[in-house]
Amino acid sequence: MRAHGWDDLFMSVVSFCEQHGIDVPDMSSRYMMGTRRSCQQKDFITVEHYYRIDVFNDVIDCMLRELNDRFPEQTVELLILSSALDPRNSFKSFNIGHLCKLAEKFYPADFSPSDLEGLEIELRYFQNDMHRLPCFKDLTTLSQLCQQLVETTLAENYHLLYRLIQLVLTLPVSTATKERAFSCMRIIKNRLRSTIADELLADCMILHIEREFTNSIDNEEIIEEFNISKPSMVQF
């Protein structure tokens, strides 16, 4: 995007300005700083140079620095290798070499040298089955692939692949989900709830994190189930 994204962005901006009656500056003219007084002009640069180099490229460089700080080289490699299991677009990203390297480099305690040889053989057989069997079509997530392996009892035939999928599925637990848990913990366990028990805290956190699911629960059904579960002295 840094090398080739400017032209597309500029054409989009020009189109937007034309639709809304906004004047487009002459990109080849000199860029004037401040109040346009000559004493305030340090460098002779064009308008295009300012917006492309000092704004557009500077923003991209800032984003790249943030991404590099957020995702070190080892983490990026782990995500790239794990993407070889992505079932979208008929397993377009499937790569046997990447998956073997993933198991060997990041999960050495879970795959012995003999397991790695067996994993490569399983992956070659699976590569044929994933295009041949209808159960593997139209999958969009790795969890769906894992579920299909269990439902079709193919998890036993591809037990090494199934083990690798289970390990990869734990990655979100150690990244985004963990951060969401700590965020909601600060919201729930506040100054007024400082003595909340661990079990109740865990239940409240689940309800908070899985809001999309909990919002679909009918309150009347909860009240009815509570009344049926045990008799109470006061009507709930």
### Message
Please check: side-chain N/O of His20 versus main-chain N/O of Phe16, any donor-acceptor pairing under 3.5 Å?
### Response
yes
### Task
Please list, chain by chain and in numerical order, all residues satisfying ring-ring contact (aromatic ring centres under 6.0 Å, His included) with Tyr50, sequence neighbours excluded.
Tyr31
Table please: side-chain donor-acceptor pairs of residues 145-156 below 3.5 Å, with sequence neighbours left out.
unit_1 : atom_1 : unit_2 : atom_2 : d
Gln147 : NE2    : Glu151 : OE2    : 2.8
Thr152 : OG1    : Gln148 : O      : 2.5

### Query
Is the number of heavy atoms from other residues, nucleotides or ligands under 6.0 Å of Asp138 CG greater than 12?
no
### Query
Between Arg193 and Ile188, what is the shortest heavy-atom contact and its length?
NH1-O, 2.9 Å
### Query
Quick one: are Ser82 and Leu102 in side-chain contact, heavy atoms under 4.5 Å?
yes
### Message
With clusters defined by side-chain heavy atoms of hydrophobic residues (ILVMFWY) lying less than 4.5 Å apart, directly or transitively, does Tyr125 cluster with Leu164?
### Response
yes
### Query
For Tyr162, what residues pass the ring-ring contact (aromatic ring centres under 6.0 Å, His included) criterion, not counting sequence neighbours?
none
#### Entry: Within one Ile-Leu-Val-Met-Phe-Trp-Tyr cluster: Val14 and Ile22, side-chain cutoff 4.5 Å
no
### Query
Hey, any chance Tyr51 and Ile53 share a hydrophobic cluster, counting ILVMFWY side chains that come within less than 4.5 Å of each other, even indirectly?
no
### Which atom of Thr140 lies closest to which atom of Arg88, heavy atoms considered
O-CG, 3.2 Å
### Message
I'd like to know if the side chain of Glu122 reaches the main chain of Gly118, judged simply by a donor and an acceptor atom lying under 3.5 Å from each other, with no hydrogens or angles considered.
### Response
no
Identify every side-chain donor-acceptor pair in residues 72-80 under 3.5 Å, counting partners at least two apart or on other chains, and give the distances.
unit_1 : atom_1 : unit_2 : atom_2 : d
Glu77  : OE1    : Lys105 : NZ     : 2.6
Glu77  : OE2    : Lys101 : NZ     : 3.3
Glu77  : OE2    : Lys105 : NZ     : 3.0

### Query
Between CD of Glu120 and CG of Leu161, what distance do you get to the nearest 0.5 Å?
13.0 Å
### Task
Supply the atom-to-atom distance Asp58 CG to Phe56 CZ, rounded to the nearest 0.5 angstrom.
11.5 Å
### Query
What closest approach, in Å, do Lys189 and Ser194 show between heavy atoms, and which atom pair accounts for it?
CE-O, 3.5 Å
### Query
Going only through I, L, V, M, F, W and Y residues with side-chain contacts under 4.5 Å, is there a path from Met205 to Ile196?
yes
### Task
Hey, could you give me the CG/CD distance between Leu81 and Glu104, rounded to the nearest 0.5 Å?
11.0 Å
### Query
When Ile, Leu, Val, Met, Phe, Trp and Tyr are grouped by side-chain heavy atoms lying under 4.5 Å apart, directly or through other members, which residues fall in the same group as Val59?
Met63
### Message
Main chain of Asp8, side chain of Ser12: is a donor-acceptor contact present, judged purely on distance under 3.5 Å?
### Response
yes
### Query
With sequence neighbours excluded, what pairs up with His4 under the ring-ring contact (aromatic ring centres under 6.0 Å, His included) test?
none
### Query
Heavy-atom distance under 4.5 Å between the side chains of Leu119 and Leu99, does that happen here?
no
### Query
Heavy-atom count around Asp26 CG within 6.0 Å, excluding the residue itself: above 12?
yes
### Query
Taking atom CG of Leu169 and atom OG1 of Thr141, what is their separation to the nearest 0.5 Å?
8.5 Å
### Test item: Arg163 side-chain N/O and Asp110 main-chain N/O as donor-acceptor pair under 3.5 Å
yes
### Task
Would you check, one step at a time, whether the test salt bridge (charged side-chain N to carboxylate O under 4.0 Å, His left out) holds for Lys92 with Asp86?
CA-CA 8 Å; Lys92 181 180 179 180; Asp86 188 358; over 6 Å; no
### Summary
In short, Ser93 meets Ser83 closest at the heavy-atom pair CB-O, 3.4 Å
### Message
With a 4.5 Å cut-off on side-chain heavy-atom distances among I, L, V, M, F, W and Y, is there a chain of contacts connecting Phe91 to Ile121?
### Response
yes
### Query
For the atom pair CZ (Arg52) and CZ (Phe10), what is the distance rounded to the nearest 0.5 Å?
10.5 Å
### Query
Given Asp129 and Tyr158, is the side-chain hydrogen bond (donor to acceptor under 3.5 Å, both in side chains) satisfied, shown in steps?
CA-CA 11 Å; Asp129 287 344; Tyr158 298 113; 2.2 Å; yes
### Message
Check the orientation of Phe94 and Phe126. Use parallel for under 30°, tilted for 30 to 60°, and perpendicular for over 60°.
### Response
tilted
#### Entry: Heavy-atom check, side chain of Arg2 versus side chain of Asp61, under 4.5 Å
yes
### Query
Taking atom CG of Leu123 and atom CE of Met130, what is their separation to the nearest 0.5 Å?
9.5 Å
#### Entry: Over 12 non-hydrogen atoms of neighbours within 6.0 angstrom of CG in Asp218
yes
### side chain to side chain contact (heavy atoms under 4.5 Å, CB included) assessment of Glu48 paired with Trp6
CA-CA 10 Å; Glu48 181 180 4; Trp6 166 256; 3.7 Å; yes
